[in-house]
**Q** 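Please see the structure below; I have some questions.
Note that this is a predicted model, so its numbers are computed, not measured. Side-chain atoms are counted along with the backbone in the values below, which use heavy atoms only and exclude waters and symmetry mates. Letters A, B, ... are given to chains in the order of the sequence lines, protein chains preceding strands, and every chain is numbered from 1.
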Protein chains: 2
Amino acid sequence: MKKIKPINDARKTGTDLVFSAIRQNSPTPRIDIVKQTGLSPATVTSITADLILNGLIEEVPAVKSTNYQKRGRPRVDLKIRGDAHLVVGMQLTDKMATVVIVDFDGKQISDYSLPSAKPVRSALETVDLLEKALRKSLENANLKIADISGVGIGIPGIVDGPAGYVYWSPTISDREIFLQDMLVDRLDIPVFLDNDANLVAIAEQRFGLGREARNFIVVSVEEGVGMGIVIDGKLYRGSHGCGAELGHTKVHLDGALCRCGQRGCLEAYVGDYALLREAGTALEALSGKSAELQMDILLNEAKKGNQMAASIVERAGRMFAMGLANVVNIFAPELIILAGRRMQYDYLYHDGMIAEMKKSIMQVGAPSPEVRVHKWGDLMWTMGAAAFAIDGVSEIALKDLN
Amino acid sequence: MKKIKPINDARKTGTDLVFSAIRQNSPTPRIDIVKQTGLSPATVTSITADLILNGLIEEVPAVKSTNYQKRGRPRVDLKIRGDAHLVVGMQLTDKMATVVIVDFDGKQISDYSLPSAKPVRSALETVDLLEKALRKSLENANLKIADISGVGIGIPGIVDGPAGYVYWSPTISDREIFLQDMLVDRLDIPVFLDNDANLVAIAEQRFGLGREARNFIVVSVEEGVGMGIVIDGKLYRGSHGCGAELGHTKVHLDGALCRCGQRGCLEAYVGDYALLREAGTALEALSGKSAELQMDILLNEAKKGNQMAASIVERAGRMFAMGLANVVNIFAPELIILAGRRMQYDYLYHDGMIAEMKKSIMQVGAPSPEVRVHKWGDLMWTMGAAAFAIDGVSEIALKDLN
DNA sequence: CTATTTTAATTTGCTAATCAAATTAAATAA
DNA sequence: TTATTTAATTTGATTAGCAAATTAAAATAG
């Protein structure tokens with residue numbers, strides 16, 4: 001018995017094309033939409049009129065860029081209408097739940113975070129925490145839940161986004177839970193969830209450095225090593241909807257022990273705990289201090305020229321380069337974005353590491369990918385969730401519109 | 001100045017959808033096309049009528065499978081009409097050029113191969129060799145070049161398929177050549193070329209084990225280690241159209257020297273030359289023999305229990321497992337196809353290797369990919385090229401048809 | 001200061017793709 | 001034979017999208 005799934009969903013309507021063209025090049029005149037989508041001017045006029053009528057986009061005075069046309073009827077820019085919807089992005093970590101409220105154009109309205117004493121929570125406690133954080137942040141902003149069109153949530157771990165299913169998360173004690181369904185029951189608004197690293201990739205695509213690339217990867221180092229892959233303008237999630245596990249890519253046969261239980265994982269060489277494990281046996285000064293303080297000391301010692309510390313940090317950098325090179329050899333993206341929130345990871349993002357990676361790429365003639373470092377603020381992950389929510393709400397809005 | 005490329009090409013017409021649905025599930029009734037494409041029965045009737053009129057598909061008596069309906073009007077199967085076109089697949093290697101002539105439905109009409117004394121040829125000599133092989137094979141089959149609707153060609157090395165451009169190939173001394181243009185000038189029929197490993201992936205998708213999967217990878221070990229990636233039913237070529245370089249994925253920091261000049265490449269652990277390099281220092285019996293004979297001896301010794309030989313072969317297998325696991329951690333395909341022509345690579349394809357790979361995959365709950373070994377005959381690569389040619393000719397035929 | 005040129009956007013029919021609903025076709029079961 | 005069931009087709013209507021002509025709004029030439 002063959003399974004037959006419709007492949008027709010892939011067929012984009014003109015409205016979809018126009019809307020995503022506007023979102024991609026935000027304030028953009030109709031004439032450019034014509035060029036980008038390949039639709040006729042007549043069609044673009046009629047579709048955009050419909051979108052304006054429905055309040056999803058709006059006209060704004062054209063921005064006169066350097067290469068603006070000199071004569072002729074002036075262009076009229078179109079942009080997403082921020083007032084169309086309010087959405088929420090949330091990020092779950094071991095220490096807290098973070099919330100950001102943004103408008104439909106991605107403009108940040110307010111943010112809030114609710115600390116949690118318990119680093120690992122049950123499924124129910126997780127839902128409670130998320131709900132409480134959301135309600136509090138709405139209260140602060142003087143909003144009701146009915147004002148919100150959708151919530152995007154980033155969860156660390158192995159998550160099947162499209163199914164709304166969490167196989168496993170380091171901050172949730174229960175496994176294999178239908179977290180999306182639980183949250184929809186509780187909140188009664190659309191909920192979109194996904195692995196947090198995937199959402200950072202979406203944030204880069206919408207708001208960040210990925211706006212002009214069709215194939216790129218975003219690597220985000222924090223506790224672990226996360227990666228999001230965008231192929232042909234679409235987030236690639238693998239066959240079960242789970243994200244890629246760059247951190248558990250093997251860089252050494254029978255190598256260092258990873259917290260996942262396997263050996264030789266990249267994370268076991270570049271994660272905080274991996275560095276401290278080595279440092280602990282080499283530097284006495286560290287004993288008794290907190291993990292964060294220990295990292296500070298280690299990195300400072302390395303900068304000051306302490307040979308032991310420098311060699312630890314240097315090897316981590318080289319291992320990271322090797323892991324990245326493997327991704328490039330497999331994927332050949334045009335752009336690699338190294339997204340980080342904390343500056344302490346400078347040791348992974350310096351030019352030497354990037355040069356080392358480029359040396360490890362097999363390439364004869366073909367250009368090597370551009371590497372860009374994006375140092376976000378604290379809300380990087382949460383804004384990713386918000387971007388995801390905007391995507392989801394857009395899809396619903398366009399479908400409703402017929 | 002922003003580059004703006006139309007993203008509209010992606011929009012499939014109903015005819016495209018129907019035709020590819022038929023090709024995928026070859027003999028298939030209209031009612032199933034309705035389910036798969038999401039089009040209405042009316043539309044499917046009218047489109048298929050048009051395709052039949054143009055000779056691209058034909059009706060055949062329905063195959064009564066086990067779960068065939070018991071009552072009602074009987075289904076009428078549709079299939080690609082083999083007589084619609086003849087196409088040619090070719091494969092270039094250091095030793096020869098191989099040709100296969102197939103009909104539009106993929107049925108093999110005849111095959112031929114033309115040996116070449118020179119392992120590395122100039123661009124011009126390469127074109128000469130390919131032309132000669134093609135003309136000879138047509139002559140043998142009593143055909144003229146005008147009978148052929150298109151030629152697909154698999155080339156080892158770094159090839160930008162869509163651009164018809166060869167950055168570098170181990171069998172061509174010139175670099176950066178527009179091989180497609182040269183061949184079109186010479187033959188005056190459509191020519192499609194690509195990296196040979198990519199074409200094996202296409203062959204698996206059309207004729208082989210990849211028919212029912214949307215995300216899979218095909219790993220082919222021969223001289224080097226090749227890989228083709230199919231994402232969402234489409235061959236992924238990376239951002240410059242070149243294939244993935246699994247063979248030059250790094251499995252060891254500062255590891256063994258690879259023929260590409262870098263260190264620690266997978267190929268430097270699992271390729272013929274890598275095994276023989278190690279074996280040469282360990283087994284005297286090998287000296288003076290040909291490379292193929294040496295491999296035979298080595299693998300036989302390992303099977304017989306020679307400890308030295310066994311340890312060499314075993315490490316290669318474990319390295320291969322690690323390389324594969326990295327791909328899985330990054331991609332999470334639903335299926336991995338290990339495609340091989342020669343049986344001597346059994347040592348890479350045994351159950352122990354697959355078990356080792358599965359142990360190295362990060363997965364909590366999510367199912368691990370199915371691994372299948374596909375032992376093709378000699379024409380594996382060439383049939384891949386033919387499959388690619390069929391794709392290309394189909395596209396032209398559908399466009400011509402309006 | 002008016003006429004001309006230039007580019008953007010819109011309007012006006014028209015065409016082709018696609019669908020829903022009704023109908024016909026071809027089989028089995030009662 | 002007649003009813004039932006499923007597949008495929010026909011019919012008539014709707015809609016998305018286009019080409020070509022037109023209008024709009026600016027800069028420049030004379």
Side-chain angles (χ1 to χ4, degrees), chain A residues 4 6-19 21-22 25 27-53 57-65 67-78 398-399 401-402, chain B residues 4 6-19 21-22 25 27-53 57-65 67-78 398-399 401-402:
Chain A
I4 297 185
I7 52 176
N8 195 5
D9 329 346
R11 265 206 303 184
K12 293 259 195 304
T13 69
T15 308
D16 290 335
L17 284 177
V18 169
F19 190 77
I22 294 173
N25 310 60
T28 186
R30 289 175 179 79
I31 187 70
D32 283 354
I33 301 176
V34 166
K35 283 177 201 149
Q36 205 195 344
T37 61
L39 296 169
S40 73
T43 305
V44 170
T45 291
S46 106
I47 289 175
T48 52
D50 196 39
L51 288 171
I52 290 172
L53 197 72
I57 63 173
E58 61 191 352
E59 292 190 337
V60 290
V63 177
K64 308 202 175 184
S65 62
N67 64 326
Y68 192 77
Q69 19 92 260
K70 285 143 197 51
R71 291 145 63 86
R73 177 173 175 172
R75 303 169 169 193
V76 178
D77 273 346
L78 297 170
L398 289 179
K399 204 170 288 169
L401 174 153
N402 235 10
Chain B
I4 296 185
I7 52 177
N8 194 4
D9 328 345
R11 267 206 302 184
K12 293 262 196 301
T13 69
T15 308
D16 289 336
L17 284 176
V18 169
F19 190 77
I22 294 173
N25 310 58
T28 187
R30 288 175 179 79
I31 186 71
D32 283 355
I33 300 177
V34 166
K35 283 177 201 149
Q36 205 196 344
T37 61
L39 297 169
S40 73
T43 306
V44 170
T45 292
S46 107
I47 289 176
T48 53
D50 197 38
L51 288 172
I52 291 172
L53 198 71
I57 64 172
E58 61 191 351
E59 292 191 336
V60 290
V63 178
K64 307 203 174 183
S65 62
N67 64 325
Y68 192 77
Q69 18 92 261
K70 286 139 196 50
R71 286 141 68 84
R73 176 173 176 173
R75 304 169 168 193
V76 178
D77 273 346
L78 297 169
L398 291 179
K399 203 170 288 168
L401 173 154
N402 234 6

**Q** Check this one for me: any side-chain N or O of B:Ser40 less than 4.0 Å away from OP1 or OP2 of C:dC19?
**A**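 Answer is yes, contact under 4.0 Å.
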
**Q** I need the CD1-P distance between A:Ile52 and C:dT10, as an integer number of Å.
**A**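 Atom-to-atom, A:Ile52 to C:dT10, this comes out as 8 Å.
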
**Q** Under 4.0 Å from OP1 or OP2 of D:dA7: is there any side-chain N or O of B:Arg75 that close?
**A**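 So the side chain of B:Arg75 is within the cut-off, an N or O lying under 4.0 Å from OP1 or OP2 of D:dA7.
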
**Q** Kindly indicate whether the side chain of B:Ile22, heavy atoms from C-beta on, has any atom under 4.5 Å from the side chain of B:Val18.
**A**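 B:Ile22 reaches B:Val18 side chain to side chain.
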
**Q** Can you tell me how far P of C:dA17 sits from CG of A:Leu39, to the nearest Å?
**A**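 Going from A:Leu39 (CG) to C:dA17 (P), I get 16 Å.
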
**Q** Under a 4.0 Å threshold between the charged nitrogen and the carboxylate oxygen, would B:Glu59 count as salt-bridged to B:Arg30?
**A**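 So B:Arg30 pairs with B:Glu59 through a salt bridge.
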
**Q** Just the rounded figure in Å: distance from C1' of D:dA16 to NZ of A:Lys12.
**A**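 Those two atoms, NZ and C1', are 17 Å apart.
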
**Q** By nearest atom, which of the nucleotides C:dC19, C:dA9, C:dT24 is closest to the A:Ile31 side chain?
**A**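 For A:Ile31, the side-chain atoms sit closest to C:dA9.
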
**Q** Using whole Å, report how far CG of A:Asp50 lies from P of C:dT11.
**A**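 Taking CG of A:Asp50 and P of C:dT11, I get 14 Å after rounding.
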
**Q** Just how far, in rounded Å, is P of D:dA7 from CD of B:Gln36?
**A**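 Interatomic distance, CD of B:Gln36 to P of D:dA7: 16 Å.
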
**Q** Do B:Thr43 side-chain atoms and B:Leu39 backbone N/O form a donor-acceptor pair below 3.5 Å?
**A**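 Here the side-chain-to-backbone pair does not exist.
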
**Q** For A:Asp16 and D:dA16, what is the distance between atoms CG and C1' respectively, to the nearest whole Å?
**A**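 Between C1' of D:dA16 and CG of A:Asp16: 13 Å.
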
**Q** Please tell me if the side chains of A:Leu51 and A:Leu78 come closer than 4.5 Å, counting only heavy atoms from C-beta onward.
**A**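 No; the side chains remain at least 4.5 Å from each other.
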
**Q** OP1 or OP2 of C:dA8 sitting under 4.0 Å from any side-chain N/O of A:Arg71?
**A**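 Answer is no, no contact under 4.0 Å.
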
**Q** Looking only at side-chain atoms of B:Pro74, point me to the closest of C:dA26, D:dT9, C:dC19.
**A**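 Selected nucleotide: C:dA26.
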
**Q** On the nucleotide D:dA16, are OP1 or OP2 found under 4.0 Å from the side-chain N or O atoms that A:Thr43 carries?
**A**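 For A:Thr43, the contact criterion (side-chain N or O under 4.0 Å from OP1 or OP2 of D:dA16) is not met.
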
**Q** Of the nucleotides D:dA24, D:dA8, D:dG17, which has the atom closest to the A:Ile47 side chain?
**A**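 For A:Ile47, the side-chain atoms sit closest to D:dG17.
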
**Q** Counting side-chain heavy atoms from C-beta on, which of C:dT10, D:dC18, D:dA8 comes nearest to B:Val76?
**A**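 It is D:dA8.
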
**Q** Once you round it to whole Å, what is the distance between P of C:dA17 and CG of B:Leu398?
**A**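 So the two atoms are 13 Å apart, to the nearest Å.
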
**Q** Are A:Asp32 and A:Arg75 side-chain neighbours, meaning at least one heavy-atom pair lies under 4.5 Å?
**A**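 Of all side-chain heavy-atom pairs linking A:Arg75 with A:Asp32, at least one is under 4.5 Å.
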
**Q** Could you state the CZ-P distance from A:Arg30 to D:dG17, rounded to the nearest angstrom?
**A**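 After rounding, the gap between these two atoms is 17 Å.
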
**Q** When you measure from the side-chain N and O atoms of B:Thr45 to the phosphate of D:dA8, is any distance below 4.0 Å, counting only OP1 and OP2?
**A**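 No.
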
